[in-house]
Protein chains: 2
Amino acid sequence: MNTKIPTPSLTRLCLIYQACEDLYLKGQATVSSIELARILDSSSANVRKDINYLGEIGNSRAGYEVMKLKNFIAANLNLTQKRKTCIVGLGRLGSAILAYEGRLSAGGYRVVAGFDASINRLETIRATVPLYPDYEMTDVVRQEQIELAIVTVPGEAAQKVTDQLVEGGVKGIINFTPVVVKSQKAGVRVRNIDMVNELRVLTSMMTTEQSDSKMKRATETQRHREEKNR
Amino acid sequence: MNTKIPTPSLTRLCLIYQACEDLYLKGQATVSSIELARILDSSSANVRKDINYLGEIGNSRAGYEVMKLKNFIAANLNLTQKRKTCIVGLGRLGSAILAYEGRLSAGGYRVVAGFDASINRLETIRATVPLYPDYEMTDVVRQEQIELAIVTVPGEAAQKVTDQLVEGGVKGIINFTPVVVKSQKAGVRVRNIDMVNELRVLTSMMTTEQSDSKMKRATETQRHREEKNR
DNA sequence: GCGTGTGAACTGGTTCACAGCG
DNA sequence: CGCTGTGAACCAGTTCACACGC
């Protein structure tokens, strides 16, 4: 089924997955592509295409069954089992994320280790997850079979840390550092998120007055259909 | 000059801007598109195209002058003046970012306000920037002419907060909430970043074995040229 | 009628390949 | 030569528009 799903679709599918969870908690049993589009701030055609990458599921006239859709996405995107995760760098940001542990866990990610270069810091932080000095990183990752890592070290250390993680067998990394890191080993996925850069992109977009994506829009017929349901 | 620069290019240009800063600090005077590509984990053609959206600048044979390029990008993307920024929601994550103030400032963003719904919390946090209760948000934003906001409130509050910010005149928002928020007013840019969703995307990418973007590659000649310079 | 599934048309970005210049 | 600037070719993702099913 999954002969290459485009990344933007993958991102939206994960968002849809979350939306299903929320809708389910609200007691809603069924949802249309139009409603999902509204939640994701996307288009209904887009939503339908995305879902169809995974195969057929919908029930015409009534839309998608919330629970069925959620499970369907989870099954196809391998979101069913809890994945082991670690946090590297326990400064302000890292600690905050560590404290976030609950939400990560609810989302299907168990934080099983924290790492930092400063032994001192390791001793002062009290956490529910075990903390280790950075030089044990590769070993612990390998031993515990940790699949994901969240990196919040200073920029200078980012690439080194990445290498150690990859060496230990990590398969996905979120890097909050201003340095773009790369994994030698193919197949390891990295997502770089730097706040300053995000702010700059935002700044350039807002000042350079890019034609707003909401301006280029559907034809009359389409627009009416979508608007009506608001 | 800037008749619509694609968003991915904008993102890379900001990264290049940062790279220039770093290179400058290292004392490097000149940089080639190939080297930049390596830093950004991108392709040289891409880098050249991006830079050319802004107009011509390069100095054949020797590459780009680091400082000139940096200023060139700053001028075109309006990265020259310091922008006022605020942080909404001062829980663990918000406070961590508040403490990050130094890096934001170094990057050209002055944090001039923090907001939270809990008066209690406002009183316990000690910060160098003024803190306000959330109901003053719209007013303060308008008064101070704050252009950017970083939102770290609980998901339920995200859309409401966004509306208040937009009402006050904010032009760009980074939303760390699991809820995708939308601005009614056109022209306001929103960047949604949710950690759990990022982890899910990563998970689906790594397990679903998407053909790695590094696999589909340049022709022989091209590859050789790029590799040689490593 | 309402809403999914889907080819076909289109738009946007990336990569190629090479001319031109120091 | 080495490296930029750039049309042209290519590939990817989005939007359109409509057929088909409940």
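Here is how names work: the chains are called A, B, and so on, in the same order as the sequence lines, proteins then strands, and each is numbered from 1. All heavy atoms count here, side chains included; hydrogens, waters and symmetry mates do not.
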Could you tell me the separation between the [atom1] atom of [X] and the [atom2] atom of [N], rounded to a whole number of Å?
X     : N      : atom1 : atom2 : result
B/E56 : C/dA19 : CD    : P     : 18 Å
A/Y53 : C/dT6  : OH    : P     : 12 Å
B/I51 : C/dG13 : CD1   : C1'   : 17 Å
B/R38 : D/dC3  : CZ    : P     : 10 Å
A/L54 : C/dG5  : CG    : C1'   : 13 Å
B/L13 : C/dT14 : CG    : C1'   : 15 Å
A/I5  : D/dT14 : CD1   : P     : 13 Å
B/D50 : C/dG12 : CG    : C1'   : 14 Å

key: From CD1 (B/I146) to CZ (B/R110), nearest 0.5 Å   = 11.0 Å
note = Interatomic distance, CZ@B/R189 vs CG@A/L202, rounded to 0.5 Å, equals 8.5 Å
request  = Begin from the C-alpha positions of B/Y109 and A/T203 and carry the test side-chain contact (heavy atoms from CB on, under 4.5 Å) through to its verdict.
outcome  = CA-CA 10 Å; B/Y109 296 89; A/T203 304; 2.7 Å; yes
inquiry  = Using side-chain heavy atoms (C-beta onward) and a distance below 4.5 Å, is B/L104 in contact with B/I97?
reply    = yes
task = Please confirm whether any donor atom in the side chain of A/K49 sits under 3.5 Å from an acceptor in the base of C/dG7, or the reverse.
result = yes
For [X] and [N], is the shortest distance between a side-chain N/O and OP1 or OP2 below 4.0 Å?
X     : N      : value
B/S33 : D/dC3  : no
B/S32 : D/dC3  : no
B/N46 : C/dG13 : no
B/R12 : C/dT14 : yes

ask   = Of all the nucleotides listed (C/dG5, C/dT4, D/dT14), which has the minimum atom distance to the side chain of A/N52?
value = C/dG5
Between the protein and nucleotides 20-22 of chain D, which nitrogen or oxygen pairs come in under 3.5 angstrom?
| unit_1 | atom_1 | unit_2 | atom_2 | d |
| --- | --- | --- | --- | --- |
| D/dC22 | O3' | A/R61 | NH2 | 3.4 |

inquiry  = Could you walk me through whether A/D41 and B/K182 satisfy the salt bridge (Lys or Arg N to Asp or Glu O under 4.0 Å) test, starting with their C-alpha distance in whole Å, then the side-chain angles of each, then the deciding distance to 0.1 Å, before giving a yes or no?
reply    = CA-CA 7 Å; A/D41 203 15; B/K182 12 204 176 287; 5.9 Å; no
ask   = If you measure from the Lys or Arg side-chain nitrogens to the Asp or Glu carboxylate oxygens, is any gap between B/R103 and A/D194 under 4.0 Å?
value = yes
task = Show the numbers, then the answer: is there a side-chain contact (heavy atoms from CB on, under 4.5 Å) between A/I193 and A/N175?
result = CA-CA 6 Å; A/I193 300 173; A/N175 168 34; over 6 Å; no
inquiry  = Among B/Q18, B/E65, B/E21, which residue satisfies the side-chain hydrogen bond (donor to acceptor under 3.5 Å, both in side chains) criterion with B/K70?
reply    = B/E21
request  = Within residues 62-69 of chain B, find the residues that approach DNA chain D with a heavy atom at under 4.0 Å, and present them sorted by residue number.
outcome  = B/G63, B/Y64
inquiry  = For A/Q159 and A/D163: C-alpha separation, side-chain torsions, deciding distance, then whether side chain to side chain donor-acceptor pair (under 3.5 Å) applies.
reply    = CA-CA 6 Å; A/Q159 186 59 58; A/D163 293 343; 2.9 Å; yes
